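Worksheet: the structure to be examined is printed underneath.
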Amino acid sequence: MSPAPRVRFAPSPTGHLHVGGARTALFNWLYARSQQGAFVLRIEDTDQERSTEESYAAILAGMRWLGLDWDEGPDRGGDFGPYLQSLRLDTYGEHLQQLAADGQAYKCFCSAEDLEGRAAEAKAAGGVWEGYDGKCRGLTGEEVTALEAAGKPHAWRLRTPDEGSTFWYDIILDKLEFQNEVLVDRVIVKADGFPTYQFACVVDDHLMEISHVLRGDDHVSNTPFQILIYQALGWKPPKFGHMPMILGPDKKRLSKRHGATSVQEFQGQGILPAAMLNYLSLLGWSPGGNAKEVMSAQEIIGKFSLKKVGSSAAAFDYDKLNHINSEHIKALDAAGRLALAMPLLEERGWRLDPAWLVHGADTTEAYLGRVLATLGNRFSSLVTLPEQIGFFFSDDFFVDQEAWAEHVSTSEASTLLTILADALEKGLAGDQAHAAGAFDDLVRECAEQAGVKAGRLIHPARVALTGQSRSAGIFEVMELMGLPRTIERLRRAAATA
RNA sequence: GUCCCCGUCGUCUAGUGGUUAGGACACCGCCCUUUCACGGCGGCAACACGGGUUCGAUCCCCGUCGGGGAUGCCA
């Protein structure tokens, strides 16, 4: 049995946790958890311009929301820290010295402007700029001394071989090979003394004993250069696995124009973390065959395997995410649903109105519990829930104008609703008003007496009471709303014909 | 331009050198029902194209096309 794997998620703190990053983090986490390995969080803040505290906090918050817990990280330490690259500058410096000592790294005095200028020239001459022309590669000791004496700042580049090839066996993509000829001498330490991503990533992955580097396939072309760094340092590279990217619904790069792209936005849209995690797990991976797709994190861990991770890019499907989300909501028990719905009431200041005198539910929570029970599986979205239950808490509720016009604003409806209101006033009292069945009987009686089918009365009543053409069972609604309020709304509706 | 990756229903995917190419989302229809929803049942719909290899290719090879990525002193 091979030793427990050590994997990592290494975001740069330059924005929110994007779904692509979240999926990368998720697959690393799934692999670690399914193999009893370690999941490390490392922050790659080597870009002094773009790294921010807010992004750092947002990324950690996003991961916590999703439930991706890490075993080692900047906030909780570990045996291989620090886990913030800006705190590891000495380490990178030492390794750079090692490379400089044996001539594998050299100083490059070309400024960004120099490089741009030469690239433009090459292009103008009809040629192609391959990335770096190796100008400082052959600088003599005297030339270097002179440039330094002149105060010219310099970066460090890795001297890469011109012949041969670099290859590796990717866990997901199988054998990948690059001709060294196309690999350029890229910068490993910038003029500001900070390492580039390429260098810091290699040094840290090695020192932190990362066994598997699982990342997006946008890193495929960085890998050969990184392998060259491992070789220059005399180290054995870890195993690499490049996962396919997540694209927008139109197969183009996923961007804000497609809708939400950061996990924080999905949170704001009523997506449950368990649902988000579930949906993301299905992008590029599958439990196989006819296995059910709606799963808890534990179930996913139990079935996860890197071997089953696919290699083609996936389009993000908001519809399916919503479906998975509704399945997760429906799978919740009463307490779980209540916990989800209560905050929505609080946001709106909705409370049980004592005047409604609802039997057996004297607190807002108990009342909401009964409302949700009546709703049953109709409660499948946090976005629509307020509309679905608002009329239970306020007289100023959402009204579907189209439904109102069709079912309520007619003379027939007006007549029938008045008949019903009268009958409720005379016929129902006391304990009877606490049984949906009593409302049921009375409504049908009224319809019969008026000579119409029950549905002719039920439809207008539903819209009159709830403002919508769809709701929980209307007799339960009457019972939960209370007799006085029911009669009041029926009369108000009858008057609008 | 160059290098690299990818290509099964509209979407996520399962799958095999010989299958009626399976499931899920979406969509459509029917049933249930006081409507909607839920649920149940059914339907539509795919192996990108062209060459090979083979008795036989969705599957193996080559090419084309399409999509994506890289080409930074960003990560």
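The structure presented is a predicted model; accordingly, all values stated were derived computationally and were not measured. Letters go in sequence order (proteins before strands), and every chain restarts at 1. Below, each value reflects all heavy atoms present in this structure, side chains not excepted, and no hydrogens, waters or symmetry copies.
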Between A:P82, A:P13, A:S55, which is the residue that forms a side-chain contact (heavy atoms from CB on, under 4.5 Å) with A:I43?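 Exactly one candidate clears the test, A:P13.
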Relative to the 5' end of RNA chain B, which residue comes earlier, A:V182 or A:P195, by the nucleotide with the nearest heavy atom?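 In this pair, the answer is A:V182.
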Relative to the 5' end of RNA chain B, which residue comes earlier, A:E177 or A:D317, by the nucleotide with the nearest heavy atom?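 The answer here is A:E177.
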Does A:E44 reach a base, just sugar-phosphate, or nothing at all? Heavy atoms under 4.0 Å.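 The residue A:E44 makes sugar-phosphate contact but no base contact.
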I'd like to know if the side chain of A:R157 and the backbone of A:D185 have a donor-acceptor N/O pair within less than 3.5 Å.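 Looks like yes, one N/O pair under 3.5 Å.
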Can you pull out the residues from residues 371-388 of chain A that lie within a 4.0 Å heavy-atom distance of RNA chain B?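 By residue number: A:N377, A:R378.
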Does anything in residues 240-255 of chain A come within less than 4.0 Å of RNA chain B? Heavy atoms only, and list the residues if so.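 Correct list: A:M245, A:K251, A:K252, A:R253.
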Will you find, in the side chains of [X] and [Y], an N or O donor that is under 3.5 Å from an N or O acceptor?
| X | Y | answer |
| --- | --- | --- |
| A:N180 | A:E163 | no |
| A:S165 | A:E177 | yes |
| A:H154 | A:Y106 | no |
| A:H242 | A:T223 | yes |
| A:R215 | A:T24 | no |

Parallel, tilted or perpendicular for A:F266 and A:F316, by the 30°/60° rule?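 Tilted, since the angle between the ring planes falls between 30° and 60°.
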Taking the inter-plane angle between the rings of A:F304 and A:F27 on a 0 to 90° scale, is it parallel (under 30°), tilted (30 to 60°) or perpendicular (over 60°)?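 Judged by the thresholds at 30° and 60°, the geometry between A:F304 and A:F27 is perpendicular.
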Using Watson-Crick or G-U wobble geometry with both distances below 3.5 Å, tell me the partner of B:rG66, or none.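 Paired with B:rC6.
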Please give me the minimum heavy-atom distance between A:L17 and A:A22, naming the atom from each residue.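 Of all heavy-atom pairs spanning A:L17 and A:A22, the closest is CD1-N, 3.9 Å.
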Is the cationic atom of A:K175 (NZ for Lys, CZ for Arg) positioned less than 6.0 Å from the six-membered ring centroid of A:F167 and within 45 degrees of its normal?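 Geometry flag: set, cation within 6.0 Å and 45°.
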Distance check, C1' atoms only: B:rA48 and B:rG7, in whole angstrom units.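 Here B:rA48 and B:rG7 have their C1' atoms 7 Å from each other.
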Nucleotides bounding contact with chain A, strand RNA chain B, heavy-atom threshold 4.0 Å: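 The contact span of chain A on RNA chain B goes from B:rG1 to B:rA75.
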